[in-house]
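First the proteins, then the strands, lettered A, B, ... as listed; each starts at 1.
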Amino acid sequence: MGRTTPRSDLLRMYDDLLAAYGPQQWWPADTPTEVVIGAVLTQNTAWTNVEKAIASLRKAGALDLPHIAALDEAELAALIRSAGTFRIKARRLQALARWVVDEHGGDLTRALSGPTAEVRQRLLQLHGVGPETADAILLYAGNHPVFVVDAYARRVLRRHGLLTDAAAYDVVQAYFEQRLPRDAQLFNEYHALLVEVGKRHCRAVARCTGCPLAHWPHNEANT
DNA sequence: TGCCAGGCCGGGT
DNA sequence: ACCCGGCATGGC
């Protein structure tokens, strides 16, 4: 009686990260269109390479979905070359762009509107859109409250023993979503903070000195 | 200089 | 239902 509910481990971890790094204001893109393009381009790719590709698209005046849908596939591939796996990504970008253009008149906001589960299912049907890409689009372009699971989220949780071995995407996502309030802004910041701490401290060569999670239980075996 | 990065697909067991 | 090779540039 009268006692407050203790914050979950995940919320306390969030507090630690936020205190250390402050609000991240993610996704690093100016518009929803750039979010969806970046979400595809960053698949298994360093963001620095994605930035170059987006700059290339902008310079060519092709940084919008109708242009991408209409471009010759080889031309598009050339524009996004610096993102790596560019032939594959050209095809994937066009699948996404043509969905928005053909089924929603080029209106991305409209394409992403509706019940979260339904939009997610539709995104997952598109060639080149898997769970992480779909969720990044839903959260960062559509403001849907879904938790984005990426390599960093996995690494951080595994390293601190909150997650045992390699769990499936949906399992990790459920882990977050069942322990956090369903709040798009929180999911947004949390994912960004996990990327930040992951980049700084949980890469292949772990640098734990100065890590804001240093006082959390540590699993040396898992990096 | 090799290894790796904010995955996903397609084919094989 | 998993497992694996392929995709490819730029940075460390």
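Both A:Ala46 and A:Tyr169 sit near DNA chain B, but only A:Ala46 has its closest nucleotide nearer the 5' end.
Nucleotide C:dA8 holds its P atom 13 Å from the CG atom of A:Leu41, rounded to whole Å. Taking atom NZ of A:Lys89 as the reference point, atom C1' of B:dC9 lies 14 Å away to the nearest angstrom. The CD atom of A:Glu132 sits 13 Å away from the P atom of B:dA5 (whole-angstrom rounding). We find that CZ of A:Arg91 is positioned 15 Å from P of C:dC7, with the value rounded to whole Å. With rounding to whole Å, A:Glu51 atom CD is found 11 Å from C:dG11 atom P. Atom CZ of A:Arg92 is separated from atom C1' of B:dG10 by 11 Å (rounded to the nearest Å). The CG-P distance, from A:Leu79 to C:dT9, rounds to 15 Å in whole Å. To the nearest angstrom, P of B:dC8 lies 13 Å from CD1 of A:Ile88.
Considering only the side chain of A:Asn44, C:dC7 comes nearest among B:dC9, C:dC7, C:dG10. Checking C:dA8, C:dG11, B:dC9 against the side-chain heavy atoms of A:Thr48 singles out C:dG11 as nearest. Closest to the side chain of A:Phe86, from the set B:dG7, C:dA8, C:dG10, is C:dA8. Comparing atom distances between the A:Thr133 side chain and each of C:dT9, B:dG7, B:dA5 picks out B:dG7 as nearest.
Minimum interatomic distance between A:Tyr190 and A:Leu10 (heavy atoms only, all atoms of both residues): OH-O, 2.7 Å.
Heavy atoms of A:Leu126 sit under 4.0 angstrom from primed sugar atoms or phosphate atoms, though from no base atom.
As the counterpart of B:dT1, no nucleotide is assigned, since no Watson-Crick or G-U wobble pattern has both distances under 3.5 Å. With a cut-off of 3.5 Å on both Watson-Crick or G-U wobble distances, the partner of B:dT13 is given as C:dA1.
Distance check on atom P: C:dA8 versus B:dG10 gives 14 Å, rounded to whole Å.
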* Verdict with reasoning, A:Tyr169 to A:Asp135, per side chain to side chain donor-acceptor pair (under 3.5 Å) -> CA-CA 11 Å; A:Tyr169 186 96; A:Asp135 288 336; 2.6 Å; yes
* Under the side-chain contact (heavy atoms from CB on, under 4.5 Å) criterion, do A:Gln125 and A:Trp99 qualify, and how do the steps go? -> CA-CA 10 Å; A:Gln125 291 169 8; A:Trp99 168 61; over 6 Å; no
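Between A:Leu65 and A:Ile37, some side-chain heavy-atom pair lies under the 4.5 Å cut-off.
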